Structure formats: C-alpha cells, structure tokens
Amino acid sequence: MSEELRSQLNAEQYETAVTLEGPLLIIAGAGSGKTRTITFRMAHMLDSGIHQSQILALTFTNKAAKEMAERVKSLTGKKLSNLTVSTFHSFGVKVLKESISHLGFRENFSIYDQTDQISLIKDVGRELKIPADGFDPYMLSNLFSGIKTNRIKWDGTNDMWRPAYIEYLNHLKVYNAVDFDDLIVLPVKLFKEYPDVLEGYRERYKYIMVDEFQDTSLYQYEFMKLLADAHHNICVVGDDDQSIYSWRGANYQNIINFEKDFPELKEIKLEQNYRSTQNILNAANQLISNNTNRKEKALWSGMDSGKAIQIYYPEDETREGLFIAETLRTWVVNEGRKYHDVGVLVRTNSLTAPIEEAFLDLNIPYKVSGGTSFFQRKEIKDVIAYLRVIVNPDDDVNLLRIINTPRRGIGIKTVQTIRNVADERGFSLYSAISALRWAEDSPLSDRLKGCLADFLSLMEMYRTRFDQERKKGDVLRSFIDAIDFWGYLLQEHHTNDKVAKWKFQNILRFCDFFDRWESNPDNLSPKLGTYLNKITLMNQSEEGEEEGQVNLMTIHSAKGLEFDLVFLAGVEEQILPHARALEENPDNIQEERRLFYVAITRAREKLFMTCCRTRRIMREVMETGPSKFLEEIPAELVEFHEPDNNMDDELAEDLFAKMKAQFK
DNA sequence: GGAAGCGTACTTTTT
DNA sequence: GTACGCTTCC
C-alpha cells in the first residue's frame, strides 16, 4: 500500500486493510471509519494482483452496495465493471438466474415483494375457504417467512396454517415466482443439492467480504459460509451494538458462529471514533452499557467534548415539526451550513408526516428516504405488473392485478370462471385464458371471449416487441399508450385531474428510469426481466441525490450515515422503545436500545431530541411520556428545556400561526 | 355482471 | 393519504 494511503489509516485500520488471506473478524464501532477501511482494503486487494472478478462484497442495502462500489472506483481510478458488490438478495437473484432450472423454476421467474406475497396469501385463503375472521394475511406472511427460514417451527399454536403454507408454496411454483426469502433459501438449497454449481462459485469468488455482519440471518450466514468454506478468505465487518434487524431474522450470534467455524481467524477491533464529539459518544456509551451480552468495546474520540445534547418538550407533533424546522433553519442560516448536513430521524415512517408539513410550511428543502418507495406507488406497480406478466405469463398475482386495469370488461365473475378452469387442469390463469379463448364448450360468452382474446394478443405482441426491439423504453411508452393508461387515470380521478396528471408524470419518470438503465454502458444484458428483478429489490429510487436537502428518515434507514446536526423526534415511551416491539417480546428492549444508540451515533456535532407531551396516534390525541432511555444518559451531558407552562395553548397557537405567516 | 361511490381502518423497522 | 369492503346503481 502506498505511503499516502497508509498515512490515512490508524494502526488497526491499516492491519485490517492489509490482511487479505484467511478469516478476518472486524468489530467496528460506530463512526470508526469502517467504510474507509474496507474500501482501502479492496483497493489494496486489486493492487496486490487479485483480479476484480474474484472479489465478492456483500452488503444489506442497495445504497451501501452502490456507495462501496463507487468509493472503490474513485479510490483506484479504475472502471471495475467485473467487481461484484451487491446485496445478499441481489446476489441470490444472480445465482438463481443462472441455475434455478435445477429446482423446477424457469429463469424468467417473478420476485414477489411483501405486497405480492400478501395478495397471494389472500388468494390461498379464498381457495381453501378459510373464514375471514382470524385469517390475517399479514401475520401469515411473517409466519411463512419464519417457517421457510427455520426461525419458527410448526407447533400446536400454528399447525392449523400448515395446509395454507403448502398451498402457498404450490402456488409460487405454478406461478414461477419466488419470494424474498427464497432469494437466500433457494441458492443454499441449490448449493447443497448440486455441488458442481457451488464449485463454480467457489472457483470464481476467492475473496469474500460481508459488511454489516451483525445483520446477517442464520440462513445468510450459511449462504456465505458455503461459498467461503473452500478458501477461508472471508472478512466480516460488524458491530453487535448496531444490530437492529432481528425482527427480520438477523442474529448477531453469527459473530459467535463465525469464531467457531473459522477458529484460525484474526480479530481486529476498530475503537477510535472519528465522527462524534466526546459528549455524544459518552451518551451513546453510557446508554448501550445497559445492554447485556455485548462484545466489550471502548469507543473513544479524539475530539472536544462539544455541545450538550439538547432535549425539548413540544406540546404536540405539529409543534415538534415546527420546532425542528425552525431550529435547523436558524442553524443553517446563522452558521452558514448546508441543509444536507442535517438528519432528522424517527422511529416509524408515520412520524415523518407532521415534520414534512412543517418543512413545506417553512419552505425547507428535504428528502424522505424509505417509506413507500417510488416503485410501490399504485400506478407504477400497475405498469410493473403488466411487464411482469409479459415476462412471465404464469405470474397469476400480477395478472390478477392488471387483467381489468384499465377496465376491459373482465370482472370478478369471469375471473372466477377462469380460476375454476385453471384449478381443474393445474394451469396458471394465463394458460387457462389461452385455452378458453377458442374453446367450443367454453362457459364464457362470445363477447367475453373477444375481450380475453384482445388481452392475450396485446400481451403477446408486446412480448415479441420487448424481446426483439432495441429501444425498450420506447416500446414501454408505446405500450402505455396502447392500454390508454392516461385515459384510465383520468377516468379514475375525474374529480381531481391534478392527481391524474401527477400519476402520469410518475409513469413518464418510470419510463425515463428505464431508458437510463437500458443505455447504461455497464449494463451488459438489458433484458426486461433483469430490470424488473432489480427494481423489486430496490427500496428507493437511487436517483435524485440532490444537494442541499434535509434528510428525513427512519433510524433503520439512517444506519451507516452521519450528519453534523441530528434531530431525533418522538423520543417517547410507546414510540422509542416502540410499544409493539415490547408487546411482541419484552426482551426486544435491548434492540430498541440499540436503535436509540444508532440514532445518537449518527450525529457529529450537535444532537437535539424532542418528546411531545401529547401526540395524535391514529386520530386519537394521546398523553405521552418521555422515553425511559433518556434516564440512561448521564445528566451532565444533557440540557433539558422544560416546557414553558406560562404560555397557554391559545397564545402558543397564535404565535405559531404568526410565525408561519411570516415565512409564507 | 360490472362499475361507481362512500366509509373505515391502517402505520414498526426492510431486502 | 390509501386500500379495501360494502352498498347501490346501470
């Protein structure tokens, strides 16, 4: 490694970056320069003659994958189109794309997100005539996920759902569809049952790196271990204190499994924090020391103690939003800072709404990450559903979504008839429609047969066009025109054509995304199916990295990020710790504390927390109390700003109204 | 049989 | 805000 790069790392970071062979466990405390260290490590690998195609780096979010790839590229100045940096799930897709036929699926399979999965479970319920009361598709989706990944066993309490689960699996197979869990579970199955497939990947990927290791599930660990077992060049980086995905199967016991499975490992701790002031760090350290069963860490910072943590008690969530908006604007204006250096964090997505309102009122530029993503919007999902059926006609869930959207006279009764035929013959709906189209003894009227025939020829025509034509973006535009989606939107929103216009704008944006993806030179095989699989795994529209915007997001999506100024809103009992998490299992208090820890350690210079005295939760105004986690932060690190009781409600209301008017 | 209109409940975190 | 269910109308 060059002297210049070396001088940018401390001793432990350097050791991490130059240890390329053998198993390596990095315990990287919050803000310890983890990303920098592992990008340097990858750069060093490339320098040492390891070919880019031999490296596999696995992350949890697309954002993290993208960032890591970009940083390695800019550090080395190389193009690196053969370097694999991807999420576990995307890597699973890649494996399945190549070899899923062994498992009885075809390579044009659909991926079902939780929404699709829930529609499928509803269909299964209807088919098995399960009475609606006590049938909770959302709960079942979690149960099935637990069963599939061995986190939950069948027992006396859930046994009655077994037939539904079996039916669910059958349907996936018939529809040629896989769910999110399958993206990990099926590759593992493939590796175990077809050793030559596994061998191929072991040959190729000689160096593996796993980021956010504390968030791996037992299944993902197995996936990773199968790949690494041949050569043992595996580096995992994690921090048990930042494990916040246990509800999704993450299990930081994997750190212990790793020590057991790779006993010759080298362990390095990165404990110097380069991010936060000493005050912020002390608060975080004190808080997290209340958790048991941690790996001991002594995070220290070379920085000044900095400002005390500020705690405010707004009257309600509207004023909380205004307080945050006001305060951060003052900071930006008075100290000449940028809006993008501010992060506003919340426990749940629903808490963003009042804060957004305040930002809109005061004209503060902001962006929300997480929440309902662009690709989850109804109009976009509809278009995607069409494309899914074009790629994979057997995909019943998506077929049902679009068969009568826009309306083409195929209603519930007709679908029911088709469903019966499909079930009788073990067909998918699409095959059943094809069979019924010309059938003499068809139970359908000629008019309906005509509608179905039109639908089929539309889909078939565009399947050919998407296959054969170069500019698929234009094919997509032509398709949207052919189904008259604009007319449909107008009709659906005849009371408010602004909504229709906005939705159509989104569709056009979607077409633009598609163009950009298609014309990206790194994109070796721009096939429609590949694109669909990619966006199903994409949470937010990666585009739009605009500067100068306040970042508003959940704590979960803030992991890995840092901001000069951080606001943590809704620091109240019931919210942080979240009531539902504790209800599920009182031990979850530790994970809630880790969430709080992650939130605090996002801040570099200044940290504000707000607890409302009352808050509207689902239309009801509730009295709320401050989070008990606040008591775990040493008082000398904190400045409390007690609510001003002299100011009565009306007066305050008036004041805020004036304040708002002033900035309109 | 299919479409349109209205009311109600929903929101813990994400690949 | 939105998705779903129920009722009513064509």
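Just so we're on the same page: letters track the sequence lines, and every chain starts at 1. Worth saying up front: this structure is predicted, and the values here are computed from it rather than measured.
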Visitor: B:dT12 phosphate, OP1 or OP2: any side-chain N/O from A:Ser350 under 4.0 angstrom?
Guide: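 No, because none of the side-chain N or O atoms of A:Ser350 sits under 4.0 Å from OP1 or OP2 of B:dT12.
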Visitor: For the pair A:Phe258 and A:Phe213, name the ring-plane relationship: parallel under 30°, tilted 30 to 60°, perpendicular over 60°.
Guide: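 Perpendicular.
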Visitor: Would you mind writing out the side-chain donor-acceptor pairs for residues 93-100 of chain A within the sub-3.5 Å range, not counting sequence neighbours?
Guide:
from	atom 1	to	atom 2	distance (Å)
A:Lys97	NZ	A:Glu107	O	3.2
A:Glu98	OE1	A:Tyr201	OH	2.4

Visitor: Just to be sure I understand the geometry, which residues of residues 109-122 of chain A put a non-hydrogen atom under 4.0 Å away from DNA chain B?
Guide: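 Contacts with DNA chain B under 4.0 Å: A:Gln114.
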Visitor: Nearest-nucleotide wise, let me know which of A:Ala581 and A:Asp181 is further upstream toward the 5' end of DNA chain B.
Guide: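 Its nucleotide being nearer the 5' end, the pick is A:Ala581.
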Visitor: Test of understanding: with salt bridge (Lys or Arg N to Asp or Glu O under 4.0 Å), list the residues that count as partners of A:Asp241, not counting sequence neighbours.
Guide: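 By the salt bridge (Lys or Arg N to Asp or Glu O under 4.0 Å) rule, A:Asp241 matches A:Arg294, A:Lys297.
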Visitor: Using whole Å, report how far CG of A:Asn142 lies from P of B:dT14.
Guide: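 That distance rounds to 14 Å.
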Visitor: Just call it for A:Phe88: base, sugar-phosphate, or nothing, with non-hydrogen atoms closer than 4.0 Å on any strand.
Guide: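 Answer is nothing: A:Phe88 stays at 4.0 Å or more from every strand.
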Visitor: Can you list the residues that meet the salt bridge (Lys or Arg N to Asp or Glu O under 4.0 Å) rule with A:Asp382, with sequence neighbours excluded?
Guide: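 For A:Asp382, the residues satisfying salt bridge (Lys or Arg N to Asp or Glu O under 4.0 Å) (neighbours in sequence not counted) are A:Lys378, A:Arg401.
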Visitor: From C-beta outward on A:His578, which listed nucleotide comes closest to its side chain: B:dT15, B:dT12, C:dA3?
Guide: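 So the nucleotide nearest the side chain must be B:dT12.
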Visitor: A:Glu591 has an atom CD; how far is it from atom P of B:dT13, in whole Å?
Guide: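 Taking atom P of B:dT13 as the reference, CD of A:Glu591 is at 13 Å.
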Visitor: Counting side-chain heavy atoms from CB outward, which of B:dT11, B:dT13, B:dT15 is closest to A:Arg347?
Guide: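 Between B:dT11, B:dT13, B:dT15, the one nearest the side chain of A:Arg347 would be B:dT13.
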Visitor: Rounded to the Å, how far apart are A:Lys559 NZ and B:dT15 P?
Guide: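 Spelled out: NZ on A:Lys559 to P on B:dT15 is 11 Å.
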Visitor: Please pick, from B:dT15, B:dT14, B:dT11, the nucleotide with the shortest atom-to-atom distance to any side-chain atom of A:Tyr245.
Guide: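 When the side chain of A:Tyr245 is considered, B:dT14 is the closest of B:dT15, B:dT14, B:dT11.
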Visitor: Would you please indicate if the ring centroids of A:Phe485 and A:Phe504 are separated by under 6.0 Å?
Guide: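 No - the distance between ring centres of A:Phe485 and A:Phe504 does not fall below the 6.0 Å cut-off.
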Visitor: Does B:dT14 have its OP1 or OP2 closer than 4.0 Å to a side-chain nitrogen or oxygen of A:Asn349?
Guide: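 Affirmative; the distance criterion is met.
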Visitor: In whole angstrom, give the distance that lies between atom CH2 of A:Trp502 and atom P of C:dT2.
Guide: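 The distance from CH2 of A:Trp502 to P of C:dT2 comes to 8 Å, rounded to the nearest Å.
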Visitor: Give a yes or no on whether a donor-acceptor pair under 3.5 Å exists between the nucleobase atoms of B:dT12, that is its base, and the side chain of A:Arg580.
Guide: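 Between B:dT12 and A:Arg580, which were checked side chain against base, a qualifying N/O pair under 3.5 Å is absent.
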Visitor: In terms of relative ring orientation, are A:Tyr531 and A:Phe510 parallel, tilted or perpendicular, with 30° and 60° separating the classes?
Guide: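 If you compare the ring of A:Tyr531 with that of A:Phe510, the planes turn out tilted.
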Visitor: Go through B:dT13, C:dA3, B:dT11 for me and flag the one nearest to the A:His556 side chain.
Guide: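 Taking heavy atoms from C-beta onward, the closest nucleotide is B:dT13.
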Visitor: Among residues at least two apart in sequence or on other chains, which ones pass side chain to side chain donor-acceptor pair (under 3.5 Å) with A:Glu573?
Guide: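 A:Glu573 satisfies side chain to side chain donor-acceptor pair (under 3.5 Å) with no residue once adjacent residues are dropped.
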Visitor: Starting at atom CZ of A:Phe180, determine the distance to atom C1' of B:dT15, rounded to an integer number of angstrom.
Guide: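 Atom CZ in A:Phe180 sits about 5 Å away from atom C1' in B:dT15.
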Visitor: So, using salt bridge (Lys or Arg N to Asp or Glu O under 4.0 Å) as the criterion, who are the partners of A:Arg594 when residues are at least two apart?
Guide: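 Result, salt bridge (Lys or Arg N to Asp or Glu O under 4.0 Å) vs A:Arg594: A:Glu591.
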Visitor: Which residue pairs pass the salt bridge (charged side-chain N to carboxylate O under 4.0 Å, His left out) test when at least one of the two sits in residues 345-355 of chain A, sequence neighbours left out?
Guide: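 Salt bridge (charged side-chain N to carboxylate O under 4.0 Å, His left out) check on residues 345-355 of chain A returns A:Arg347-A:Glu592.
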Visitor: Check the side chains of A:Arg151 and A:Asn142 for a donor-acceptor pair under 3.5 angstrom, ignoring hydrogens and angles.
Guide: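 Note: A:Asn142 and A:Arg151 side chains miss the donor-acceptor criterion.
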Visitor: Holding to side chain to side chain donor-acceptor pair (under 3.5 Å), I want the full list of residues that pass it with A:Thr601, two or more places apart in sequence or in another chain.
Guide: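 Partners of A:Thr601 by the side chain to side chain donor-acceptor pair (under 3.5 Å) criterion come out as none, since no residue qualifies.
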Visitor: Enumerate all atom pairs, one protein N or O and one N or O from nucleotides 1-3 of chain B, separated by less than 3.5 Å.
Guide:
from	atom 1	to	atom 2	distance (Å)
B:dG2	OP1	A:Gly411	N	3.3
B:dG2	OP1	A:Thr414	OG1	2.5
B:dG2	OP2	A:Lys413	N	2.9
B:dA3	OP2	A:Asn404	ND2	3.1

Visitor: To the nearest angstrom, how far is A:Asp215 atom CG from B:dT13 atom C1'?
Guide: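 So the CG-C1' distance, A:Asp215 to B:dT13, works out to 11 Å.
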Visitor: Please report the distance, rounded to the nearest Å, between NZ in A:Lys381 and C1' in C:dT2.
Guide: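 One finds 15 Å between C1' of C:dT2 and NZ of A:Lys381, rounded.
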Visitor: Of the nucleotides C:dT2, B:dT12, B:dT11, which one has an atom closest to the side chain of A:Arg377?
Guide: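 The closest nucleotide is C:dT2.
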Visitor: Could you work out, with side chain to side chain donor-acceptor pair (under 3.5 Å) as the rule, every residue matching A:Ser110, not counting sequence neighbours?
Guide: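 Partners of A:Ser110 by the side chain to side chain donor-acceptor pair (under 3.5 Å) criterion, ordered by chain and then number, come out as A:Asn392, A:Asp395.
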Visitor: Write down the distance between CZ (A:Phe144) and C1' (B:dT15), rounded to a whole number of angstrom.
Guide: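 Answer to the nearest Å: 20 Å.
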Visitor: List for me each residue that meets salt bridge (Lys or Arg N to Asp or Glu O under 4.0 Å) alongside A:Glu70, sequence neighbours excluded, and say none if there are none.
Guide: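 In terms of salt bridge (Lys or Arg N to Asp or Glu O under 4.0 Å), with neighbours along the sequence ignored, A:Glu70 is linked to no residue.
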Visitor: Dot-bracket for DNA chain C, please, read 5' to 3', with Watson-Crick or G-U wobble pairs under 3.5 Å on both distances, ( ) within the strand, [ ] crossing, | other strand, . unpaired.
Guide: .|||||||||
